[in-house]
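Lettering follows sequence order; numbering is per chain, from 1. Quick caveat, the model's predicted, so the values are computed rather than measured.
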There are 2 protein chains.
Amino acid sequence: MARHRILVVDDEPAIREMVGVALETADFDVLEADTGQLAHERIVDERPDLILLDWMLPAISGIELARRLKRDDATAELPIIMLTARSEEDNRVQGLEAGADDYVVKPFSTRELISRIKAVLRRTSAAAAEKTLEVEGLRLDPVGHRITVEDEPVDMGPTEYRLLAFFMSHPERAYSREQLLDQVWGANVYVEDRTIDVHIRRLRKALAPWGYDRFIQTVRGTGYRFSTRSGRVTSA
Amino acid sequence: MARHRILVVDDEPAIREMVGVALETADFDVLEADTGQLAHERIVDERPDLILLDWMLPAISGIELARRLKRDDATAELPIIMLTARSEEDNRVQGLEAGADDYVVKPFSTRELISRIKAVLRRTSAAAAEKTLEVEGLRLDPVGHRITVEDEPVDMGPTEYRLLAFFMSHPERAYSREQLLDQVWGANVYVEDRTIDVHIRRLRKALAPWGYDRFIQTVRGTGYRFSTRSGRVTSA
DNA sequence: ACCTTCATGACAGCATTATGACAGGGGCGA
DNA sequence: TCGCCCCTGTCATAATGCTGTCATGAAGGT
């Protein structure tokens, strides 16, 4: 599994710096944002695994951002840890109500922060990883680690399984071969771009008996996409 | 990508001059305006990529202009950086509320100004690149990298997609073939001017089943335009 | 009418993607 | 430990789809 990516949202550079170093030491990848606005953009764009969110932010407050994230299906599952100053501690109920998974009071030890993060990630990623995805009858069961259609198993290799798992959790979105390599094979893996094509073919072949290969669409000049909406309509 | 065009709005020629030189050195194209009135005209007419806006202006104040721009859909997305004198610094909240993306306090170093501008442009252009555009039911989804009408995909080649993407993000404006080549094909590409005609035809053909080919209008003697308003009125 | 500027259909060449085959690597059971 | 079998990453090659140009007909302007 790739390293977890944490987004640190705080308007004070000093805090971001401190937390950032601590997180990197603990083997997380760190993203930063200094405003709620930017944070939201990066969340939508880069899908971090967890958000460290300062309570007080200019313009969009942390709590407001948390509410927005919970309201949108696409981001509702994102775990959030609130950072609050001691004086604001009373508000923690509000924070938890807004959807925070945990909260940490400043000043905090980095050790404590890290362990909280790991705890939250353990909880949520276990939950997320166990959620079975289903699209029009095509079912991916992370627990059983297999694909089924009407309870009948679909046979495919491990790589095809991971590829499909990635696609099913990021539908309706085009990915370049390079992005797929990063996401499915893992970063820093040297594999030929065109190898993707072969695995795509294997995946399609595995899904073809049920016609689900139509979900795996080629985006010419760019890469591939998983979509339930019909792809190219070859004119007769 | 073409150079970014920055509109500098300030009533003091000295400031405009200084900022202008700095921006040009940093490889931006510079437009100027000395009143809110004129600024608004140039914005509507020339669509700069970012606005540097002085807080204090005669007649229409900077903050008032910012509000107006945010109120109008056509200009709401335009990033604004406010310039404020130190004594006005307290008002920065007002500025941010009025929709400014950032603010810089005078006196400022040109280095700081440039880096702020770049930061804002990075943010907004990244966000803009992901925003789905829709015009009367015709939808362009940059993330999924495709065009849809009522959730039904519209089939077209990569070049037609890029061409439409450019048109949809620059509507109601005529472009010469040369400009289109620069923008859509990229600079330093040698292609016959008339090739555009062919791609325009392909794009129209792709859109025709839904009648959206009416948006792609010929501007005789000049080039083409994307417009929702009906094109040429052929006299009966 | 005459001269321009566009629209279209046809093409050949080029580019990108699909497919089938294959050799090496590893894991697992005998 | 040895084989056997499944997986993987790469190639070479076939199959499609795109592109840029032309030649020709249509439309617009004067």
Side-chain angles (χ1 to χ4, degrees), chain A residues 145-147 153-166 174-182 184-186 188-208 213-226 231-236, chain B residues 145-147 153-166 174-182 184-186 188-208 213-226 231-236:
Chain A
H145 209 268
R146 70 166 155 189
I147 311 290
V154 178
D155 189 43
M156 68 179 70
T159 304
E160 284 71 44
Y161 173 84
R162 267 179 293 137
L163 186 56
L164 180 57
F166 175 73
Y175 290 95
S176 68
R177 291 179 175 68
E178 200 172 337
Q179 288 176 308
L180 289 174
L181 281 179
D182 276 0
V184 179
W185 272 251
N188 310 12
V189 177
Y190 174 63
V191 189
E192 200 63 36
D193 266 19
R194 289 293 158 188
T195 297
I196 293 279
D197 298 33
V198 179
H199 284 278
I200 288 282
R201 168 176 142 281
R202 287 168 181 157
L203 178 54
R204 280 174 173 160
K205 193 182 272 186
L207 297 175
D213 54 330
R214 72 178 184 279
F215 291 163
I216 311 297
Q217 305 172 352
T218 302
V219 183
R220 191 162 247 268
T222 300
Y224 297 93
R225 164 181 58 209
F226 180 92
R232 161 180 311 280
V233 182
T234 310
S235 48
Chain B
H145 209 274
R146 73 165 147 195
I147 311 289
V154 179
D155 190 43
M156 68 179 70
T159 304
E160 285 69 45
Y161 174 85
R162 267 179 292 138
L163 186 57
L164 180 58
F166 175 74
Y175 290 94
S176 69
R177 292 180 175 70
E178 198 173 337
Q179 287 175 308
L180 288 174
L181 280 179
D182 275 1
V184 179
W185 272 250
N188 312 16
V189 178
Y190 174 63
V191 192
E192 199 63 35
D193 266 19
R194 288 294 160 186
T195 297
I196 293 278
D197 298 33
V198 179
H199 283 279
I200 288 282
R201 167 178 141 280
R202 287 169 181 157
L203 178 54
R204 281 173 172 160
K205 192 183 271 186
L207 297 175
D213 53 330
R214 71 178 185 278
F215 291 163
I216 311 297
Q217 303 171 355
T218 302
V219 182
R220 199 178 174 80
T222 303
Y224 297 92
R225 166 182 56 205
F226 180 93
R232 156 183 318 278
V233 182
T234 310
S235 47

Nearest-angstrom distance from the residue atom CG of B:D213 to P of C:dT8: 9 Å
Stepwise side chain to side chain contact (heavy atoms under 4.5 Å, CB included) check, A:I200 with A:L163: CA-CA 8 Å; A:I200 288 282; A:L163 186 56; 4.1 Å; yes
Interatomic distance, B:I196 atom CD1 to B:Q179 atom CD [nearest 0.5 angstrom]: 10.5 Å
Heavy-atom side-chain proximity of B:R177 to B:T195 below 4.5 angstrom: no
Spacing of B:E178 atom CD and B:D182 atom CG [to the nearest 0.5 Å]: 6.5 Å
Under 4.0 Å protein heavy-atom contacts per nucleotide of nucleotides 7-13 of chain D, with B for base, S for backbone only and - for none: SBBBB--
Under 4.0 angstrom between A:R204 side-chain N/O and C:dA18 OP1 or OP2: yes
side-chain N/O A:R177 vs C:dT16 OP1/OP2, d < 4.0 Å: no
Spacing of B:T159 atom OG1 and B:R202 atom CZ [to the nearest 0.5 Å]: 8.5 Å
Axis-to-axis angle between the two ends of the helix from C:dA1-D:dT30 to C:dA30-D:dT1 (five base pairs per end, rounded to 10 degrees): 30°
Touch class at under 4.0 angstrom, heavy-atom based, for B:Y224 against every strand present: sugar-phosphate
Phosphate OP1/OP2 of C:dT16 contacted by A:T218 side-chain N/O (<4.0 Å): no
Spacing of B:D197 atom CG relative to D:dG25 atom P, expressed in whole Å: 18 Å
Counterpart residues, side chain to side chain donor-acceptor pair (under 3.5 Å), relative to A:R204 (two or more places apart): A:T218
Rounded interatomic separation in angstrom, taking CD1 from A:I200 and C1' from C:dA18: 11 Å
Heavy-atom side-chain proximity of A:K205 to A:M156 below 4.5 angstrom: no
Close side-chain approach of A:F226 and A:I216, heavy atoms under 4.5 Å: yes
Any donor-acceptor N/O pair, A:R162 side chain to A:V184 backbone, under 3.5 Å: yes
Nearest-angstrom distance from the residue atom CZ of B:R220 to C1' of C:dC3: 10 Å
Gap between atoms CZ and C1', on B:R201 and D:dG20 respectively (whole Å): 13 Å
